[in-house]
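See structure below.
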Amino acid sequence: MDKSNNKGISRRDVLKRMGLLMAGAAVMGVPTLTACSGKKKKRIILYFTATGNSLYVARQLADEGTELLSIPQLVKQGRYELEADEIGIVYPIYGHMPPNMVRQFIKKVKLTASYKFAFLTYGNRKCSAVEIWDEISRKAGHSFDYITTIIMVDNWLPNFDMAEQIKIDKHIPENLQRISADLAAQKRWHEPVTEEERQQHAGFMERSGADPEVGFLLRSEKYFTVVEEACIGCAVCAEVCPRGNYELTSQGVKMEGDCEFCFACIQNCPQKAIQFAHLPEDRLLARGEVNPNARYRNEHVSLWSIKEANRQ
Ligand SMILES: Cc1cc2nc3c(=O)[nH]c(=O)nc-3n(C[C@H](O)[C@H](O)[C@H](O)COP(=O)(O)O)c2cc1C
Ligand code: SF4
Ligand code: SF4
């Protein structure tokens with residue numbers, strides 16, 4: 001008799017029932033099997049995050065067979081070859097564009113997968129972010145089968161009060177459910193972009209003077225200052241900066257270097273000791289920031305996780 005028999009059920013029946021269960025499980029984010037081989041599907045999700053939204057989304061899309069990899073860590077390790085059945089990327093849009101580090105990474109990395117997906121987190125206005133990613137990734141030799149956006153808390157401090165942002169219901173669980181069902185079905189689709197959204201992006205580029213080939217890449221020492229009396233020397237800023245721009249010295253905290261403008265430092269400082277510099281002539285900071293007393297990190301993501309993701 002077949003040893004797998006359990007209360008009169010044959011091994012074949014067990015496998016058949018498992019197949020049905022797994023089809024249902026795929027929609028619920030449980031590990032899936034490849035159709036014929038019965039082999040577990042391997043999924044890699046790459047992410048970039050400053051305040052946790054993108055990491056939260058990446059985690060919600062992960063099953064137990066998923067490898068979650070931080071882009072700043074891959075860059076640090078010089079790891080530019082990845083292979084899986086499915087490879088995805090989650091990043092926050094900056095002026096509707098990917099962070100500079102994500103842009104540089106996609107140019108260098110070799111991704112081998114039969115299904116590639118991208119989830120772009122944003123807070124208020126996505127414009128043509130989907131088309132921008134499609135263009136940048138294609139130019140780099142990748143074609144993404146599925147690209148969509150997902151609205152989260154907007155962490156852009158110059159325009160938004162974090163205390164107000166967290167009160168807005170952006171229907172995140174419903175949106176996550178929708179995109180995770182799309183992922184389970186390996187949907188091939190790019191979220192449509194309207195002509196109006198393309199025009200809005202063009203208007204933003206004109207006003208901000210940003211370089212479309214670079215996106216946001218500024219100098220941290222020009223844009224941020226540390227209030228010495230408030231600083232407790234905890235080194236959080238040094239640990240959450242994906243570019244390693246901060247250093248604790250005998251004279252206090254020093255920061256310098258090309259900056260993603262991701263706000264990991266300013267948002268995660270427990271003392272709110274990092275502030276924007278006073279730059280009345282600057283196109284981005286002419287009006288300063290809305291509420292210097294409110295800072296944000298996604299409620300499901302610990303400070304430790306941001307450090308792990310970004311520490312250089
Ligand atoms: C430099 C910068 C630029 C941003 N630009 C946009 C934007 O153009 N449109 C938008 O809706 N949100 C924008 N945001 C908000 C973020 O995309 C959004 O809050 C994102 O979910 C943050 O992800 P994270 O928590 O993983 O860092 C911007 C944020 C920053 C820091
Ligand atoms: S995170 Fe803030 S308090 Fe901590 S060392 Fe940096 S500036 Fe100082
Ligand atoms: S200095 Fe701050 S804003 Fe710039 S890359 Fe580092 S953490 Fe991000």
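Both ligands and their constituent atoms are indexed starting at 1 by order of listing.
Residue, atom and distance of the protein heavy atom nearest to atom 29 (C) of ligand 1 are Asn155 OD1, 3.1 Å. Protein heavy atom at the shortest distance from atom 27 (O) of ligand 1 is Ala50 N, 2.9 Å. Summary of contacts: the protein heavy atom closest to atom 13 (C) of ligand 1 is Ile93 O, 3.5 Å. Distance from atom 20 (C) of ligand 1 to its nearest protein heavy atom, with residue and atom name: Thr121 OG1, 3.3 Å.
Ligand 3 has Glu260 within reach: a non-hydrogen atom of the residue lies less than 4.0 Å from it. Residue contact annotation: Asn298 has no non-hydrogen atom under 4.0 Å from ligand 1.
Close approach of ligand 3 to Tyr246 is summarised as follows: ligand atoms under 4.0 Å from at least one heavy atom of the residue are 1 (S). Near Phe261, with a cut-off below 4.0 Å to any heavy atom, the atoms of ligand 1 are 1 (C), 31 (C). Near Ser220, the atoms of ligand 3 lying under 4.0 angstrom from a non-hydrogen atom of the residue are 1 (S). Heavy-atom proximity to Pro92, at under 4.0 Å, picks out these atoms of ligand 1: 17 (O), 20 (C), 22 (C), 23 (O), 27 (O). The contact set between ligand 3 and Phe224, taken as ligand atoms under 4.0 Å from a residue heavy atom, comprises 3 (S). Against a heavy-atom cut-off of under 4.0 Å, Val236 is close to the following atoms of ligand 2: 1 (S). Residue contact check: Gly233 has heavy atoms under 4.0 Å from atoms 5 (S), 8 (Fe) of ligand 2. Against a heavy-atom cut-off of under 4.0 Å, Ile232 is close to the following atoms of ligand 2: 3 (S), 8 (Fe). Each of the atoms 1 (C), 2 (C), 3 (C), 30 (C) of ligand 1 lies under 4.0 Å from some heavy atom of Trp156. Distances below 4.0 Å separate heavy atoms of Gln271 from the following atoms of ligand 2: 3 (S). Under a 4.0 Å criterion applied to the non-hydrogen atoms of Asn245, ligand 3 contributes the atoms 1 (S).
A salt bridge links Glu239 and Arg311; the closest N-O separation between the charged side-chain nitrogens and carboxylate oxygens is under 4.0 Å. Under the 4.0 Å criterion applied to side-chain N and carboxylate O atoms, Arg125 and Glu197 are not assigned as salt-bridge partners. In summary, Lys110 and Glu83 do not engage in a salt bridge, as defined by a charged side-chain N under 4.0 Å from a carboxylate O. With respect to the salt-bridge test (charged N to carboxylate O, under 4.0 angstrom), the residues Lys116 and Glu86 do not qualify.
Residue contact annotation: Cys269 places an N/O/S atom under 2.8 Å from atom 2 (Fe) of ligand 2. Checking Cys265 against atom 2 (Fe) of ligand 3, an N/O/S atom falls under the 2.8 Å cut-off. Atom 8 (Fe) of ligand 2 does not have Cys237 among its coordinating residues (no N/O/S atom, backbone or side chain, under 2.8 Å).
For Phe263 and Tyr94, the distance between ring centers is not under 6.0 angstrom. In summary, the aromatic rings of Tyr223 and Phe276 are positioned with their centroids too far apart to meet the 6.0 Å limit. With ring centers used as reference points, Phe144 lies 6.0 Å or more from Tyr146.
Residue-level proximity to ligand 2 for Ala235 is carried by the backbone, the only part with a heavy atom below 4.0 angstrom. Contact annotation: for Phe263 versus ligand 1, heavy atoms closer than 4.0 Å belong to the side chain alone. Neither the backbone nor the side chain of Asn268 has any atom closer than 4.0 Å to an atom of ligand 2 (non-hydrogen atoms only). Only the backbone of Val153 comes within contact range of ligand 1, with a heavy atom under 4.0 Å; no side-chain atom does.
Using the six-membered ring where Trp is involved, Phe204 and His96 have ring planes that are perpendicular, over 60° apart on the 30 and 60° scheme.
Remark: of the listed residues Tyr91, Tyr80, Tyr47, Phe48, Tyr80 is the sole one forming a ring pair (Phe, Tyr, Trp, His ring centres under 6.0 Å) with Phe105.
Atom CD of Glu135 has 12 or fewer heavy atoms from other residues, nucleotides or ligands within 6.0 Å. Atom NZ of Lys76 is surrounded by more than 12 heavy atoms from other residues, nucleotides or ligands within 6.0 Å.
In the candidate list Tyr47, Phe160, Tyr94, Tyr94 is nearest to atom 2 (C) of ligand 1, counting heavy atoms. Of the candidates Cys241, Cys262, Ala264, the one placing a heavy atom closest to atom 8 (Fe) of ligand 3 is Cys262.
A side-chain N or O of Gln165 and one of Lys170 form a donor-acceptor pair less than 3.5 Å apart.
Taking 4.5 Å as the limit, every side-chain heavy atom of Thr249 sits out of range of all side-chain heavy atoms of Val253.
A cation-pi arrangement is present between Lys187 and Trp189 under the rule of less than 6.0 angstrom and at most 45 degrees off the ring axis.
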